[in-house]
Amino acid sequence: MAEKISEFEQRVNKLEELRQMGVNPYPNDFIATDAAKKIIDLCAGLDKETLEAKNETAGLAGRIMAFRDFGKASFLHIQDRTGRMQVYVRKDLIGEDAYKIFRNFDVGDIIGVEGKVFRTKTNELTIEAKEIRLLAKSIQPLPEKWHGLTDVETRYRQRYLDLITNSEVKNVFVKRTRIIQLIREFLNKRDFMEVETPMMQSIPGGAAARPFKTHHNALDIDLFLRIAPELYLKRLVIGGFERVYEINRNFRNEGISTQHNPEFTMLEFYQAYATFEDLMTLTEEMISSIAMEICTTLQIEYQGQKIDLTPPWPRISVKDAILKYSDAEEGIFTDKKKAFAFAKKLKLDIPEAFSHGKILLEIFEKAAEPKFIQPTFITHYPLDVSPLSRKNEKDPSIVDRFELLVCGREIANAFSELNDPIDQQERFRQQVLERAAGDTEAHIMDEDFVRALEYGMPPTAGEGIGIDRLVMLLTNSASIRDVILFPQLRPEKA
RNA sequence: GAGCCGCUAGCUCAGAUGGUAGAGCAACGCCCUUUUAAGGCGUGGGCCCCGGGUUCGAAUCCCGGGCGGCUCACCA
């Protein structure tokens with residue numbers, strides 16, 4: 001007999017019935033002695049008869065994912081953090097009263113099971129329940145077993161449902177965690193030290209971006225969520241921590257897209273007495289070794305494109321890349337007017353205030369950047385778009401910097417650090433002028449950082465790697481939201 | 001911010017040209033002790049995203065709004 005009430009109400013009623021039968025629907029005294037994978041591994045080589053003879057027992061806890069009821073017996077699948085296991089429940093084995101209680105269990109409930117491990121007719125490893133207990137009643141129905149949860153909005157808003165239902169989603173986040181672990185291992189092995197620097201800064205520096213603003217009441221000052229840890233990490237190099245890194249969140253108050261989330265995870269590391277060229281080699285080693293571990297191959301596929309991560313990766317300067325992928329003439333690199341005219345030809349909308357270097361960068365991004373599908377180091381960026389980078393010894397209009405591009409996207413950004421305090425101060429001044437001219441992303445003067453440099457920073461190279469984008473690449477994820485557990489969305493109710 | 005697309009039962013989806021809402025799974029009742037998308041018989045379930053408008057009549061057409069996706073612009 002069906003009632004004119006929702007499934008939610010039906011389950012709440014079951015909760016009451018269970019309580020009336022003397023069952024606590026939310027106990028916390030069950031001890032799971034085993035995990036699904038442990039039992040699967042343990043019994044891997046054992047056939048039906050051998051297993052029967054061993055008389056192996058197991059205790060498992062997990063969520064009911066499937067329920068097949070035969071009246072006086074039932075099959076369930078339960079899922080724990082390690083995998084799935086079938087459970088066979090017989091009325092004559094657990095007893096009349098227990099079976100009556102068991103009939104109130106639903107898909108989605110968390111249960112504990114103890115019993116003998118055996119193989120069914122179809123050879124599936126199964127626990128024959130001697131005891132079965134409710135550990136947490138679920139009063140919300142789970143998505144359907146066959147199609148699962150596909151609605152993208154629900155998947156992001158109720159990520160727990162996505163994780164319960166979609167094992168491939170769970171797998172992406174397992175890989176994400178593993179990738180970060182591997183990065184730590186890689187850097188620790190090379191004598192880098194992990195540190196934490198301020199997320200709340202009074203001068204948001206280290207990148208060209210718009211910050212989030214907040215306020216500290218007791219100090220009565222405005223603070224900004226950091227857009228990068230760079231200037232603090234370099235202060236630490238000055239302090240004598242010659243190899244430091246930080247893996248943590250940056251916040252940028254900008255648009256949201258498949259490649260941008262307002263908060264995102266960044267690795268930044270600094271190595272004294274190294275150059276940007278050393279970091280290219282290090283980057284090849286780090287990313288290829290991680291890819292090998294995560295993907296078990298260096299020939300990976302990203303969104304239908306075949307990518308070969310086998311090092312070494314080609315290196316090409318911004319200038320050579322522009323010359324190679326457009327019909328630009330040499331003149332644009334020395335004559336701002338020519339650069340401006342060429343940018344117009346590429347249908348780029350360049351404001352008058354743009355510096356020569358900025359125009360060249362725009363040209364590069366439009367004409368050349370999308371061409372670099374295979375991993376490539378783009379080197380020697382224009383000086384005025386790199387206010388924290390060291391000038392090239394031979395050509396002072398460019399800096400010793402590289403970006404790593406894969407699939408036309410920036411994965412890493414690195415440079416030999418500017419450690420001349422006078423030069424740094426001048427670069428900041430230039431940024432301040434650009435800000436005054438309307439560039440809201442230009443740097444703010446950081447006097448304390450300049451003072452720190454005045455004490456002397458060893459020659460150093462530093463690099464930033466966008467972890468989310470690296471994870472996207474290595475898990476073949478199309479959107480950054482697929483590699484961030486809780487991506488930023490508008491509130492459901494405005 | 002602009003353009004395109006989507007929003008119908010708990011989930012996955014149908015609902016030409018306007019006629020008052022359907023399926024599968026899930027749920028509920030009965031049968032069933034080796035099933036695995038178990039099976040059989042039966043039953044209930046809907047603010048059709050929200051608000052206006054047109055019409056005798058709107059899930060459907062028009063206008064406005066919300067949320068999401070994709071593309072573009074900005075960025076990492």
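As the structure is a prediction and not an experimental result, all values here were calculated from the model. Throughout, protein chains are lettered first and strands after them, A, B, ... in sequence-line order, and every chain is numbered starting at 1.
Not a single donor-acceptor pair, N or O on each side, falls under 3.5 Å between the base of B:U12 and the side chain of A:T150. You'll find a donor-acceptor pair under 3.5 Å spanning the side chain of A:D92 and the base of B:U33, going by distance alone. The base of B:U34 is not paired with the side chain of A:E124 by any donor and acceptor separated by under 3.5 Å. For B:U33, its base sits under 3.5 Å from the side chain of A:Y88 at one donor and acceptor pair at least.
Distance check on atom C1': B:A37 versus B:G18 gives 38 Å, rounded to whole Å. Rounded to a whole angstrom, the distance from the P atom of B:U17 to that of B:C62 is 11 Å. Going from the P atom of B:A38 to that of B:C63 covers 46 Å, rounded to whole Å. Spacing of C1' atoms, B:C13 relative to B:G66, comes out at 23 Å, to the nearest Å. Spacing between B:G45 and B:U71 at atom C1', rounded to whole Å, works out to 39 Å. If you take atom C1' in B:C48 and the same atom in B:C30, they sit 33 Å apart, rounded to whole Å. Nucleotides B:C50 and B:G1 have their P atoms positioned 24 Å apart, rounded to a whole Å. When the P atom is used for both B:G6 and B:A14, the distance is 11 Å, rounded to whole Å.
For A:R157, a side-chain nitrogen or oxygen approaches OP1 or OP2 of B:G68 to under 4.0 Å. One finds no side-chain N or O of A:R90 lying less than 4.0 angstrom from the OP1 or OP2 phosphate oxygen of B:U33. For A:R155 and B:G69, the shortest distance from a side-chain N or O to OP1 or OP2 is not below 4.0 Å. OP1 or OP2 of B:U35 has not a single side-chain nitrogen or oxygen of A:R68 nearer than 4.0 Å. Contact annotation: A:K145 side-chain N/O to B:C11 OP1/OP2 distance is not under 4.0 Å.
Under a cutoff of 6.0 Å and an axis angle of 45°, A:K116 and A:F118 do not form a cation-pi pair.
For the atom pair CD1 of A:I480 and CD1 of A:I256, the computed distance is 10.5 Å after rounding to the nearest 0.5 Å.
In the set B:C74, B:U35, B:U12, the nucleotide with an atom closest to the side chain of A:L149 is B:U12. The side chain of A:L489 lies closest to B:G69 when the candidates are B:U35, B:G69, B:A37.
Place A:A66 and A:G71 on RNA chain B by their nearest nucleotides, and A:G71 ends up nearer the 5' end. Comparing A:T120 and A:Q488 against RNA chain B, the residue whose closest nucleotide sits nearer the 5' end is A:T120.
Under 3.5 Å, the side chains of A:Q86 and A:R119 contain no donor-acceptor pair of N or O atoms. The closest side-chain donor-acceptor pair between A:Y160 and A:Q158 falls under 3.5 angstrom.
Counting to the nearest Å, the P atom of B:C7 and the OH atom of A:Y156 are 18 Å from each other. With rounding to whole Å, A:H147 atom NE2 is found 5 Å from B:U12 atom C1'. Atom CE of A:M65 is separated from atom C1' of B:A26 by 13 Å (rounded to the nearest Å). Per the geometry, CD belonging to A:E153 stands 14 Å off P belonging to B:G66, to the nearest Å. In this entry the distance linking CD of A:E369 with C1' of B:C74 reads 13 Å, nearest Å. Remark: P of B:G10 and CG of A:D106 are 16 Å apart, rounded to the nearest angstrom. As a whole-Å value, the separation of A:E144 CD from B:C13 P is 10 Å. Atom CD of A:E7 is separated from atom P of B:A9 by 14 Å (rounded to the nearest Å).
Here B:A26 is in the anti range [glycosidic angle more than 90° from 0].
Scanning all heavy atoms of the two residues, the minimum distance from A:L149 to A:D162 falls at CD2-N, 3.9 Å.
A:N250 comes within 4.0 angstrom of nothing in the nucleic acid, heavy atoms only. Using a 4.0 Å heavy-atom cutoff across all strands shown, A:K14 reaches sugar-phosphate atoms only and no base atom. At the heavy-atom level, A:T258 lies under 4.0 Å from the strands shown only through sugar-phosphate atoms. Contacts of A:Y99 with the nucleic acid, taken as non-hydrogen atoms under 4.0 Å apart, are absent. In this structure, A:G148 reaches the sugar-phosphate backbone alone: every heavy-atom distance under 4.0 Å involves primed, P, OP1 or OP2 atoms, never a base. Nucleic acid contact for A:N261: base, since at least one base atom lies under 4.0 Å from a heavy atom of the residue. Residue-level contact check: A:A207 touches neither bases nor backbone, having no heavy atom under 4.0 Å from any strand.
Across all strands shown, the partner of B:G22 is B:C13, judged by Watson-Crick or G-U wobble contacts whose two distances both fall under 3.5 Å. Pairing for B:G51 goes to B:C63, judged as Watson-Crick or G-U wobble with the two contacts each under 3.5 Å. Judged by Watson-Crick or G-U wobble contacts below 3.5 Å, the nucleotide B:U71 has B:A2 as its partner. A 3.5 Å limit on both hydrogen-bonding distances identifies B:G29 as the Watson-Crick or G-U partner of B:C41. Within the shown strands, nothing qualifies as a pairing partner of B:G57 under the Watson-Crick or G-U definition with both distances less than 3.5 Å.
In summary, the aromatic rings of A:F276 and A:H380 are positioned with their centroids under 6.0 Å apart.
No aromatic stack links A:F75 and the base of B:A38, using centre distance under 5.5 Å and interplanar angle under 30°.
Side chain of A:T177 to backbone of A:K175: no donor-acceptor contact under 3.5 angstrom is found. At least one donor-acceptor pair under 3.5 Å links the side chain of A:R252 to the backbone N or O of A:I227.
Screening A:F377, A:Y325, A:W313 for a ring-ring contact (aromatic ring centres under 6.0 Å, His included) with A:F372, the sole residue that qualifies is A:Y325.
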